[in-house]
Amino acid sequence: MWFLDDPKTMNIIKNIYEMMTLDAEPFALVERKGFQRLIKYLAPQYPLVEHIFLKKLCHVCMKI
């Protein structure tokens, strides 16, 4: 499993945030089973996070 400060993790978070912004998806999307299964398939090392934590990480991630 990657750590939350791993560049790969931060890149995935940045892309999830971009997708949610472009498609007007709620942050709660990350807690839906279909989304979680897709992420686990595409990047099994990615640590799934709750939407509130993702929201906080996105503020940091978008500054990079």
Side-chain angles (χ1 to χ4, degrees):
M1 180 179 282
W2 297 328
F3 292 105
L4 290 174
D5 60 349
D6 186 291
K8 295 172 196 167
T9 300
M10 296 306 281
N11 190 36
I12 289 174
I13 290 170
K14 183 178 178 182
N15 282 282
I16 290 171
Y17 181 75
E18 180 180 4
M19 177 201 66
M20 290 177 7
T21 303
L22 291 172
D23 296 341
E25 293 287 349
F27 277 96
L29 171 73
V30 300
E31 294 173 1
R32 295 180 184 159
K33 286 291 177 199
F35 179 83
Q36 291 177 353
R37 287 179 182 170
L38 176 64
I39 293 297
K40 279 295 176 197
Y41 176 76
L42 296 174
Q45 301 88 356
Y46 173 74
L48 291 171
V49 295
E50 294 180 358
H51 76 277
I52 293 176
F53 191 67
L54 178 67
K55 216 182 239 189
K56 291 177 184 178
L57 283 176
C58 284
H59 292 292
V60 173
C61 187
M62 294 314 290
K63 293 178 184 178
I64 296 174

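Remember, it's a predicted structure, so these values are computed and weren't measured experimentally.
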message = Using every non-hydrogen atom in the two residues, find where Asn15 and Asn11 come nearest and quote the distance to one decimal.
response =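 Shortest heavy-atom contact: ND2-O, 2.8 Å.
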
Closest approach of Trp2 to Pro47 (non-hydrogen atoms, all atoms of both residues) =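 So the two residues come closest at O-CG, 3.5 Å.
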
Which atom pairs, donor and acceptor, lie under 3.5 Å between side-chain atoms of residues 27-37 and protein residues at least two apart or in another chain?
residue : atom : partner : partner atom : Å
Glu31   : OE1  : His51   : ND1          : 3.4
Glu31   : OE2  : His51   : N            : 2.8
Glu31   : OE2  : His51   : ND1          : 2.8
Gln36   : NE2  : Val30   : O            : 3.2

key: Residue pairs passing the side-chain hydrogen bond (donor to acceptor under 3.5 Å, both in side chains) test where at least one lies in residues 38-48, sequence neighbours excluded   =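 Non-adjacent pairs meeting side-chain hydrogen bond (donor to acceptor under 3.5 Å, both in side chains): zero.
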
task = Indicate if Leu38 and Tyr17 have the same hydrophobic cluster label, given that clusters are the connected sets of ILVMFWY residues with side-chain heavy-atom separations under 4.5 angstrom.
result =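 Hydrophobic grouping puts Leu38 apart from Tyr17.
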
ask   = Shared ILVMFWY cluster between Ile12 and Leu48, side chains joined below 4.5 angstrom?
value =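 Linked, Ile12 and Leu48 end up in one cluster.
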
message = Using the side chain to side chain contact (heavy atoms under 4.5 Å, CB included) criterion, which residues pair with Asp5? Sequence neighbours excluded.
response =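 Asp5: side chain to side chain contact (heavy atoms under 4.5 Å, CB included) contacts with Phe3.
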
query = So, Asp23 side chain and Glu25 main chain: donor-acceptor pair closer than 3.5 Å or not?
reply =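 Judged by distance alone, no pair lies under 3.5 Å.
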
key: Under the salt bridge (Lys or Arg N to Asp or Glu O under 4.0 Å) test, residues paired with Glu50 that sit two or more places apart   =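 So Glu50 forms no salt bridge (Lys or Arg N to Asp or Glu O under 4.0 Å) with any residue.
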
